[in-house]
Amino acid sequence: MGHEKKNFSNTIVTISTAIFAFVSIVSIFFSVTTWWTQREAARPYFTFKESPSIYLTNELSFEFKFCNVGTHPASNLSSKSIVFDKTLVQEPMLVDDYTVLNDIPRDTTTSLLLSITGPDFLPTDINPQFLVIYLSYADLVTRKIYTQTFYTEWAGVIEQKPQALIHVEASQKQNILNYLESHHLATPLP
């Protein structure tokens with residue numbers, strides 16, 4: 001009888017140990033998942049601080065103000081901006097690469113200024129354009145690289161008055177991507 005009691009006690013201890021090990025593994029899994037989620041939520045992330053400004057003087061200029069609304073600072077911010085006719089048949093009006101030297105902490109704004117010069121369009125109206133901006137940057141804390149793409153539509157210049165920029169409709173995205181691919185501009189940044 002003592003031997004059966006000992007086996008029963010060993011079985012209970014073994015089952016208890018297995019349950020404890022299982023609960024520990026599940027607890028570790030949830031802790032790691034929560035940590036990963038919090039880390040991703042703290043990443044740098046850029047939004048427009050305000051509506052982009054458009055200036056028409058002896059050149060056409062767009063000024064975009066991006067704000068890092070993430071918790072972590074961003075470093076090595078690079079952009080590639082492409083401006084092209086909304087008809088999707090002409091060559092791009094502008095392809096511009098830009099890199100910011102300084103780190104961009106939380107709640108800090110950085111500007112991107114695009115300038116287009118040329119006698120071809122300044123005295124006349126400008127057809128509606130798409131403007132695509134690729135951003136690439138590193139999380140200064142985790143060193144992970146992130147990318148973002150902004151798709152905007154510009155109504156152009158009508159009677160020497162620059163029109164507003166708006167976000168592109170989802171239904172237009174594939175046509176834009178096809179255009180960028182056909183002009184070898186689909187790769188965001190090197």
Quiz prompt | Derivation of the side chain to side chain contact (heavy atoms under 4.5 Å, CB included) call for Gln160 and Leu56 | solution = CA-CA 8 Å; Gln160 292 295 303; Leu56 184 61; 3.9 Å; yes
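- For the atom pair OG1 of Thr110 and CG of Leu77, the computed distance is 6.5 Å after rounding to the nearest 0.5 Å.
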Practice problem: Decide yes or no on side chain to side chain contact (heavy atoms under 4.5 Å, CB included) for Leu180 and Tyr134, but give the supporting numbers first. | Solution: CA-CA 12 Å; Leu180 294 172; Tyr134 296 114; 3.2 Å; yes
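- When all heavy atoms of Asn127 and Gln129 are compared, the pair lying nearest together is O-NE2, 3.0 Å.
- Ring geometry for Phe48 versus His167: interplanar angle of 30 to 60°, hence tilted.
- The aromatic ring centres of Tyr146 and Tyr45 sit 6.0 Å or more apart.
- No side-chain donor-acceptor contact under 3.5 Å links Asp103 to the backbone of Ser75.
- Atom OG1 in Thr71 sits 9.5 Å away from atom CG in Asp139 (nearest 0.5 Å).
- Rounded to the nearest 0.5 angstrom, Leu88 CG and Lys86 NZ are separated by 9.5 Å.
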Quiz item: For Thr99 and Asn76, what are the C-alpha separation, side-chain angles and deciding distance, and is it a side chain to side chain contact (heavy atoms under 4.5 Å, CB included)?
Solution: CA-CA 7 Å; Thr99 302; Asn76 301 319; 5.8 Å; no
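- To the nearest 0.5 Å, atom CZ of residue Arg143 and atom CG of residue Leu140 are 5.0 Å apart.
- Atoms CG and NZ, from Leu112 and Lys65 in turn, are 12.5 Å apart once rounded to the nearest 0.5 Å.
- A donor-acceptor pair under 3.5 Å links the side-chain atoms of Asn68 to the main chain of Ile104, judged by distance alone.
- Ring planes of Phe150 and Phe66: tilted class, angle from 30 to 60°.
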Exercise. Could you check Phe46 against Tyr137 for ring-ring contact (aromatic ring centres under 6.0 Å, His included), going step by step and ending with a plain yes or no?
Key: CA-CA 10 Å; Phe46 287 93; Tyr137 49 90; 4.9 Å; yes
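- For an aromatic pair to be called close, the ring centres must be under 6.0 Å apart, and Phe62 with Trp154 satisfies this.
- Under the 3.5 Å distance criterion, the side-chain polar atoms of Ser136 are left unmatched by any main-chain donor or acceptor of Thr147.
- Taking CD of Gln163 as the reference point, atom CD1 of Ile126 lies at 10.5 Å (rounded to 0.5 Å).
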